[in-house]
Amino acid sequence: MLKQYEKINILGIQFSKLTNQQLLQQLTLDLQQKQRRFIVTANPEIVLYARKHPEYASVLRKADLITADGIGIVIGSNLLKNPLPERVTGFDTLKKLLKIAENQQKSVYFLGAKTDVLKAALKNIQQEYPNLPIAGYHDGYFKSAASIAQTIQQQKPDIVLVALGFPKQENFIDQYSIGSHGIWMGVGGSFDVIAGKVKRAPVFWQQHHLEWCYRLIQEPSRLPRMLALPKYLLLILGQKFKLLK
């Protein structure tokens with residue numbers, strides 16, 4: 001059963017007020033009870049995209065839990081005087097889910113990324129979690145989403161990790177997870193990190209909420225995407241002033 005976590009409205013997106021530990025406890029229970037869950041880990045980019053695309057916002061409203069994947073979301077909740085307890089990132093949740101799945105012998109299906117990236121990621125996953133049951137996998141380049149979804153449904157995995165990037169991954173989950181059991185979660189570029197193609201920020205940068213800066217140094221081409229953050233913060237301030245009236 002899904003607990004009734006408090007919701008924090010950030011620019012129209014309802015974030016679940018919960019910690020990393022609470023999320024893992026919830027997902028562990030869901031795995032044991034074979035519950036279907038649609039998990040979204042959202043950052044400011046996703047929030048802004050949803051504001052411009054009502055159909056995507058509608059998909060997000062169907063998610064069971066939306067977590068703060070990005071310090072900008074936590075900062076926004078603080079500015080709105082209704083703080084989220086901490087970041088709950090897709091990557092960290094993914095890694096912990098894999099450990100839980102290995103311990104409980106729950107199967108995982110991996111969908112997304114380029115073929116070479118996916119293969120490298122799976123190789124590293126098998127080394128780190130040698131007893132993890134892998135239900136199947138497919139790269140993110142396919143002609144028929146329905147055919148891929150049918151294959152996933154036939155395998156009946158307990159966890160489905162979808163690394164197609166937003167909004168594609170959430171749209172896929174919304175359309176094809178219905179009628180199944182298991183935890184379905186969009187994980188963006190996490191397979192690239194696991195494969196070693198993209199380096200995650202060292203712990204110091206993570207602890208000081210500077211992952212975005214580290215990523216920008218690594219990939220200067222991300223600058224246009226980073227410019228979404230000041231726009232997002234201006235909108236947060238606008239929402240704050242409306243609440244004060």
Side-chain angles (χ1 to χ4, degrees), residues 1-51 54 56-101 103-104 106 108 158-162 166-167 169-175 177-188 190 206 209 211 232-233 235-236 239-240 242-243:
M1 181 181 295
L2 183 64
K3 294 182 180 179
Q4 297 303 308
Y5 300 100
E6 183 182 346
K7 303 293 185 181
I8 308 301
N9 184 340
I10 299 181
L11 300 180
I13 303 301
Q14 300 293 329
F15 283 83
S16 303
K17 192 171 185 177
L18 78 176
T19 64
N20 284 280
Q21 186 60 34
Q22 286 174 316
L23 176 61
L24 291 174
Q25 288 173 349
Q26 178 67 59
L27 297 183
T28 299
L29 182 62
D30 292 336
L31 284 171
Q32 293 170 350
Q33 297 181 346
K34 295 186 178 296
Q35 297 292 317
R36 171 190 172 270
R37 290 287 174 249
F38 176 9
I39 310 299
V40 174
T41 61
N43 59 19
E45 271 190 284
I46 286 178
V47 171
L48 292 180
Y49 187 88
R51 282 177 63 85
Y56 181 60
S58 178
V59 167
L60 295 187
R61 284 194 290 271
K62 299 178 189 177
D64 294 293
L65 297 168
I66 301 180
T67 72
D69 187 353
I71 190 59
I73 300 298
V74 177
I75 291 172
S77 71
N78 289 330
L79 289 171
L80 294 171
K81 303 299 182 182
N82 200 351
L84 291 162
E86 61 182 341
R87 288 179 64 201
V88 182
T89 71
F91 185 80
D92 291 327
T93 303
L94 179 158
K95 294 297 293 291
K96 291 170 184 174
L97 263 180
L98 292 180
K99 188 60 180 177
I100 291 169
N103 291 339
Q104 296 187 8
K106 301 294 185 180
V108 185
D158 299 295
I159 300 170
V160 182
L161 301 174
V162 186
F166 78 88
Q169 60 194 21
E170 287 78 30
N171 289 336
F172 181 92
I173 294 170
D174 174 52
Q175 185 170 359
S177 67
I178 297 173
S180 69
H181 79 279
I183 294 165
W184 294 64
M185 184 172 75
V187 295
S190 294
Q206 294 179 41
H209 310 305
E211 277 187 281
Y232 159 82
L233 290 174
L235 289 170
I236 286 288
Q239 181 175 331
K240 179 180 179 179
K242 284 182 182 179
L243 292 173

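Basis for what follows: all heavy atoms, side chains included, without hydrogens, waters or symmetry-related copies. FYI, the numbering just counts along the sequence from 1.
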Does [X] reach the side chain of [Y], with side-chain heavy atoms less than 4.5 Å apart?
X: Asn82; Y: Ser77; answer: no
X: Thr93; Y: Asp69; answer: no
X: Leu79; Y: Gln239; answer: no
X: Tyr232; Y: Ile10; answer: yes
X: Leu80; Y: Ile8; answer: no
X: Ile236; Y: Ile75; answer: no
X: Arg36; Y: Asp30; answer: no
X: Thr67; Y: Leu18; answer: yes

Which heavy atom of [X] sits nearest a heavy atom of [Y], and at what distance?
X: Glu86; Y: Asn20; value: OE2-N, 2.9 Å
X: Pro85; Y: Lys17; value: CD-CG, 3.7 Å
X: Ala50; Y: Ala57; value: O-CB, 3.6 Å
X: Ser16; Y: Lys7; value: OG-NZ, 3.1 Å
X: Pro167; Y: Tyr49; value: CG-OH, 3.5 Å
X: Gly72; Y: Pro44; value: CA-CG, 4.0 Å

Practice problem: Evaluate the ring planes of Trp184 and Phe172, with Trp represented by its six-membered ring, and classify them as parallel (under 30°), tilted (30 to 60°) or perpendicular (over 60°). | Solution: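 Rings of Trp184 and Phe172: tilted, as their planes differ by 30° to 60°.
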Nearest 0.5 angstrom please: [X] [atom1] to [Y] [atom2], how far?
X: Ile73; Y: Ile46; atom1: CD1; atom2: CD1; answer: 8.5 Å
X: Gln32; Y: Ile100; atom1: CD; atom2: CD1; answer: 9.5 Å
X: Thr41; Y: Ile66; atom1: OG1; atom2: CD1; answer: 10.0 Å
X: Gln175; Y: Lys62; atom1: CD; atom2: NZ; answer: 9.5 Å
X: Met185; Y: Leu27; atom1: CE; atom2: CG; answer: 8.0 Å
X: Asp158; Y: Gln104; atom1: CG; atom2: CD; answer: 9.0 Å

Quiz item: Does Gln4 CD have over 12 foreign heavy atoms under 6.0 Å away?
Solution: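 No, not enclosed.
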Checking [X] side chain against [Y] main chain: does a donor-acceptor pair fall under 3.5 Å?
X: Glu170; Y: Tyr56; answer: no
X: Thr28; Y: Leu24; answer: yes
X: Asp64; Y: Phe38; answer: yes

Practice problem: For the residue pair Gln26 and Tyr5, confirm or rule out a side-chain donor-acceptor distance under 3.5 Å. | Solution: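 There is such a pair (donor and acceptor under 3.5 Å, judged by atom type) between the side chains of Gln26 and Tyr5.
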Exercise. For side-chain contact (heavy atoms from CB on, under 4.5 Å), just list the numbers for Leu235 and Leu48, CA-CA rounded to whole Å, side-chain angles, deciding distance to a tenth of an Å, and then say yes or no.
Key: CA-CA 9 Å; Leu235 289 170; Leu48 292 180; 3.5 Å; yes
Self-check item: Audit row: Leu2, Leu65, side-chain contact (heavy atoms from CB on, under 4.5 Å) steps and yes/no
Solution: CA-CA 9 Å; Leu2 183 64; Leu65 297 168; 4.2 Å; yes
Quiz item: Could you walk me through whether Leu161 and Leu98 pass the side-chain contact (heavy atoms from CB on, under 4.5 Å) check?
Solution: CA-CA 10 Å; Leu161 301 174; Leu98 292 180; 4.1 Å; yes
